[in-house]
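Okay, structure first, notes after.
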Amino acid sequence: MTSADPRSRIPRTDTLLALPAVQDARTTLSEHAIRSAIDAAQSRARSGQIAPEQVVPELEAALAGQTVASLRPVLNATGVVIHTNLGRAPLSAAAVEALLAASGYVDVELDLATGVRSKRGVATRAALLAHCPAAQDALVVNNGAAALVLATTALAAGREVVVSRGELIEIGAGFRLPDLIASTGARLREVGTTNRTHLRDYADAIGPDTGLLLKVHPSNFRVEGFTSGVSVAQLAGLAREHDLPLVVDLGSGLLEPDPALPDEPDATTALTDGASITTASGDKLLGGPQAGIVLGDNAIVGRMVQHPLARAVRADKLLLAALEATLRGGDAPVVAALHADPSALKRRATALAEAVGGEVVAHDGRVGGGGAPGVPLHGWAVALPEEVAARLRTGEPAVLPRVHGGACLIDLRCVPEAEDARLTEAVRAAVGAGERKA
Ligand SMILES: *Cc1c(COP(=O)(O)O)cnc(C)c1O
């Protein structure tokens, strides 16, 4: 290499490490990330892709653009309230604040007054019981599936779990409830048929090997026509007669009935009807963080708490903090989106269409997350050409619209009204980029 070789002008690593921009980046980026950015800029210069003089500006731009967390916030314009691919329920402002507060050292297992160890999650448990007085006790684990696994393991390992064939559901991503239960060492005892199960089917299956009766809410599909199932109240009578626990897997996590979702089961009703315990998710209709919520009889919950598996599915401090704040704070975003006023949605959609073009069309939102599959949530959307969708998804902020019937539909139900201005700008940019290309 002669001194005329431009590569000799590429800044050396120690020169680059001493740059003020690199020093600043040290507060947010790891040494490893910084060294990789330096290597990348130098090798682009070595291969002639950039001039040696561009190494410093290139490196500075690369460091400025780096974030340590790669999950990107998305404006959910699909009208699907609990969108599994978007992380289900967005947290309320109160829950976000509680998460931040809990991110450092916190008294999650300490009584500050006495300085001695306390029970974990007492405040979250109290908040759950305040919302569901029909329950004697509550237990929080890391998700709904874990609640069910812990229940079947602690109450029925080595024995039979009696469940209707109409309730052997696949939750999503190929995840099947029967497989989940089989993995716990309990044996599944299927009764009835896909469309009809009667009380006597359960009664005939009960024997010395029975560990518990299970009722699962078939949350993500509907069977119509010649159907019949057995109510919680009927099953509770049978369970009591045989001194067996009745576990009701609600799925979606309503604590009380919601008139907007008349077919959605809730914990209060199930427990009042005689369920021993209910299990549910925290990040579906409850609108909180990912969590598994067990509510019900204190002896049964106690058996679950005592089981060694409880430790493996333990809720962390962030979950406990966010769940408590979801319950004690104002309406969670999920609740607001479910109950959004159609005329307010129409007004916002009209304003958006006036700003960016497109047509305001009637558009039903959905509960999503496998909940209330047959329930339309009446509302409105702005219809734009289909090709706008891809530009919206990759824009800043990222916007996920619904693509349906050859159109890109923007439904404002799940977009906080405070974000309307940002959304409008993003849509304007996506529509404009198309027009420039055309
Ligand atoms: C969603 C759901 C589950 C699983 O809950 P996760 O929180 O996703 O683990 C279990 N049962 C039913 C009926 C559900 O709807």
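FYI, the numbering just counts along the sequence from 1. Note that ligands are numbered from 1 as they come in the structure, with each ligand's atoms numbered from 1 the same way. Keep in mind that this is a model prediction, so the values were computed, not measured.
- Not a single N or O atom of Leu250, backbone or side chain, sits closer than 3.5 Å to an N or O atom of ligand 1.
- Summarising the geometry of Ala332 relative to Gly287, their closest heavy-atom pair is CB-O, 3.7 Å, with the distance given to 0.1 Å.
- For ligand 1, the atoms closer than 4.0 angstrom to any heavy atom of Lys284 are 1 (C), 2 (C), 3 (C), 14 (C), 15 (O).
- Considering backbone and side-chain N/O atoms, Asp283 never comes within less than 3.5 Å of an N/O atom of ligand 1.
- Near Ala145, with a cut-off below 4.0 Å to any heavy atom, the atoms of ligand 1 are 4 (C), 5 (O), 6 (P), 9 (O).
- In terms of N/O distances under 3.5 Å, ligand 1 is not approached by Val216.
- Close contacts of ligand 1 with Ser281, meaning ligand atoms under 4.0 Å from a residue heavy atom, involve 1 (C), 5 (O), 6 (P), 7 (O).
- Applying the side-chain hydrogen bond (donor to acceptor under 3.5 Å, both in side chains) test to residues at least two apart or on different chains, the pairs with a partner in residues 305-330 are Glu324-Arg328.
- Ligand 1 has Arg88 within reach: a non-hydrogen atom of the residue lies less than 4.0 Å from it.
- Partner of Asp209 under the salt bridge (Lys or Arg N to Asp or Glu O under 4.0 Å) criterion, chosen from Arg187, Arg159, Arg189: Arg187.
- Between the CG atom in Leu423 and the CD atom in Glu425 there is a gap of 10.0 Å [rounded to 0.5 Å].
- Applying the 4.0 Å criterion to heavy atoms of Gly144 picks out, from ligand 1, the atoms 5 (O), 6 (P), 7 (O), 9 (O).
- Of the candidates Leu285, Val248, Thr279, Asp249, Asp249 brings a heavy atom nearest to atom 11 (N) of ligand 1.
- In this model, no donor atom of one side chain and acceptor atom of the other lie less than 3.5 Å apart for His339 and Asp331.
- Where the criterion is an N or O separation shorter than 3.5 Å, residue side chain and backbone included, Ser252 fails it with respect to ligand 1.
- Under 4.0 Å from ligand 1, not a single heavy atom of Gln290 appears.
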Would His363 and Arg402 satisfy side-chain hydrogen bond (donor to acceptor under 3.5 Å, both in side chains), going step by step from the backbone distance to the final call? CA-CA 10 Å; His363 183 247; Arg402 178 175 184 220; 2.9 Å; yes
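- Interface atoms of ligand 1 facing His217, defined by a heavy-atom separation under 4.0 Å, are 13 (C).
- In the model, Ser36 has no side-chain atom that pairs as donor or acceptor with a side-chain atom of Asp39 under 3.5 Å.
- Rounded to the nearest 0.5 Å, atoms CD1 (Ile293) and CD1 (Ile277) are 13.0 Å apart.
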